[in-house]
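Taking it in order: structure first as structure tokens, then the write-up.
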Amino acid sequence: MNEVKKDKSVYRVQGFTCANCAGKFERNVKEISGVEDAKVNFGASKISVFGNASVEELEKAGSFENLKVTPDQSNQSSQNAVKEDKEEKVPFYKKYSTLLYSAAFLVFGYLSYFVNGEDNLLTTLLFLASMLVGGLSLFKIGFQNLLRLEFDMKTLMTVAVIGGAIIGEWGEVALVVILFAISEELERFSMDRARNSIRSLMNIAPKEALVRRNGQELMIHVDDIAVGDIMIVKPGQKIAMDGVVVSGHSSVNQAAITGESVPVERAIDDEVFAGTLNEEGLLEVEITKLVEDTTISKIIHLVEEAQGERAPSQAFVDKFAKYYTPIIMVIAALVAVIPPLLLDGSWGTWVYQGLAVLVVGCPCALVISTPISIVSAIGNAAKKGVLVKGGVYLEEIGSLKAIAFDKTGTLTKGVPAVTDYHMLNAQTDGKELLSIITALEYRSQHPLASAIMKKAEMERINYADVQVENFSSITGKGIKGIVNGVTYYIGSPKLFKELSSITFDKKFEEEVTVLQNEGKTAMIVGTEVEILAVIAVADEVRDSSKEVIQKLHKAGIKETIMLTGDNQGTANAIGNHVGVSNVQAELMPEDKLNFIKQLRAKYGKVAMVGDGVNDAPALAASTVGIAMGGAGTDTALETADVALMGDDLRKLPFTVKLSRKALNIIKANIAFAISIKFIALLLVIPGWLTLWIAILSDMGATLLVALNSMRLMRVKE
């Protein structure tokens, strides 16, 4: 199989009218000499071919639908394809001219029917003209299928139309043909609407950018921009390529990538993404990725791939439809033959009923029930900043019972910050002491030193001029140094307890214990003779974490678990604050993996939310791996099943809500499509089923299923 994948080629396909046609095209391509395997992505209108096949051979395989095939070299070419689509738009009357002519012949046919009667030659010819104009492509494919003994909905319709014509039901047959053509157009329209949710993403990034080369500013097509080029982005312009800001300061609206409409500040050394909007200042950006490697390109590619992944319900429908169509053929034959042979029924009446069974048996609504739902939901999620990597994961999220969270960088911000700074000596100047603390920590290698330096910068404390002498680190306890002739110590309570000249106040000890119980690291600041202050540092909990956990519990998630390598005290403090139902602390990576396995054994379906890098084994072991911070993080985009693009945990309840709604809609669609067929078939018993009732029930079911599926495009956060 690996050898086959080396020769994989991807092509865009124009002209798909239905999921059945896509399946037939896939089978035809597989029969081409030199093709090892082929996979059609109906949602994205693409086909992946493993092996060797020319465009001419592929178009010949799709000649039954007049499919147009073009190589899909990169996402940029897909953008061009969209552009071409827009340019090729034709007026309504030209696009649907065949349907309009067929309808005109049908109307004149019925006028002649009422004026001249049913058996009049003109009436028959008008109905025949309507059938031939509206159903020529249908008959062509239907006849080919009959010769090959391939039974799909067009085969059923062709047999029904021929049979209806033989028994003289010209008017009803012409009506059936035109209603079927309308049904196909509705199916195509609804699928195109769903696909457009991704096509709109394709047009987000500009096709050209202003680039400075050799001292000149030139407008260059994105395909010709190289890594290292300097791109100039003026206020109000969209950013065309991924890169790093080398000059300027602005706020950038990253909604296209992260789903967040609140602009973010961008300055020197900050990363910016293609497709985002520069709102205020002039930015100069050094290009870091080629156009096909930009974050928006990867998102589009991954979403298109996701739309092609068959969800469990779609696999069920495909399998069901495979056996369903031949069974309907058999039932129709029995309805037409058994009553006249065994019950002395009229051949004309029961052949007509049998033909109506064929029409009502068309599996249009059933086949389209899942793909439109999957495409609509995944497209909506992508626009809101949630990248779902396939229909299977979309369905899995909806049936989750437990969600495990990595602590650092997921429930917390992953960056230490000063949370408390208490002065114990009223005579000491707090700002002056903070400058001394920062000057000492600046010389330290301790991970928490950056938090203190950040606080000093925020409060504009000058520490660069503070002269520190005899600085030294006291391993495992803290640091010390001499400033203005005074020896200062910063460290743990243990360090100060060892200084015999200092007596610990009980109230002060209790204050330190409270800070530690809150999950903070408490550092004491003092001299050889007195304690001056206590400063606490912690990995801050995200503002959204508590709200997210509450929403998940309300949504019916039975257990939320926090996994961390921290000590039990710190873990409990953070776990209690955010409201998770279970806290697992002091875990090594392999412990996290084992715990996820235990959760799967208990609940069946479990999600793991992590940063996509550190928690790779646990993410892989979960039913659905959800990565934080997908934007710009290649590892998260590639390895996770779901990526929260804006590093925003608040997207998680929305994803669960969307998934459950998608699951419910898919189930409702399948149940409705099957039940409407069953009800229509029951009309055969009293002999009430007619051809036009049959086609209206089929068309109505298809339309309602499509409209129901497209509701997923409007699910809000």
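The basis for the numbers below is simple: all heavy atoms, side chains too, and nothing from hydrogens, waters or symmetry mates.
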So [Y] and [X], do their side chains get closer than 4.5 Å, heavy atoms only?
X      : Y      : value
Leu290 : Val227 : yes
Lys234 : Asn278 : no
Lys30  : Asp37  : yes
Ile32  : Leu58  : yes
Tyr11  : Val29  : no
Leu283 : Val252 : yes
Val35  : Phe50  : no

Non-hydrogen atoms of [X] and [Y] that approach each other most closely:
X      : Y      : result
Gly398 : Ser659 : N-OG, 2.6 Å
Ala53  : Val49  : CB-CG1, 4.3 Å
Arg213 : Asp229 : NH2-OD2, 2.6 Å
Lys384 : Val715 : NZ-O, 3.5 Å
Val211 : Ile225 : CG2-CD1, 3.9 Å
Ser130 : Ala174 : OG-CB, 4.1 Å

**Fill in**
Glu217 meets the salt bridge (charged side-chain N to carboxylate O under 4.0 Å, His left out) criterion, sequence neighbours left out, with Arg212
Nearest 0.5 angstrom please: [X] [atom1] to [Y] [atom2], how far?
X      : Y      : atom1 : atom2 : answer
Ser54  : Lys60  : OG    : NZ    : 10.0 Å
Lys46  : Thr70  : NZ    : OG1   : 10.5 Å
Glu395 : Lys667 : CD    : NZ    : 8.5 Å
Leu663 : Glu396 : CG    : CD    : 9.5 Å
Ile287 : Lys289 : CD1   : NZ    : 11.5 Å
Ile374 : Ser709 : CD1   : OG    : 9.5 Å

Among residues at least two apart in sequence or on other chains, which ones pass side-chain contact (heavy atoms from CB on, under 4.5 Å) with [X]?
X      : answer
Ala240 : Pro206, Ala209, Val222, Met231
Asp224 : Ile220, His221
Lys68  : Gln14, Glu59
Thr655 : Val386, Ile397, Leu644

Keeping the roles fixed (side chain from [X], backbone from [Y]), state whether a donor-acceptor pair exists under 3.5 Å.
X      : Y      : answer
Ser376 : Ser373 : no
Glu26  : Val40  : yes
Asn380 : Leu712 : yes
Thr276 : Asn253 : no

**Fill in**
Residues passing the ring-ring contact (aromatic ring centres under 6.0 Å, His included) test with Tyr393, sequence neighbours excluded, are none
**Request:** Quick one: list whatever passes side chain to side chain donor-acceptor pair (under 3.5 Å) with Asn708, sequence neighbours left out.
**Result:** Asn669, Arg711
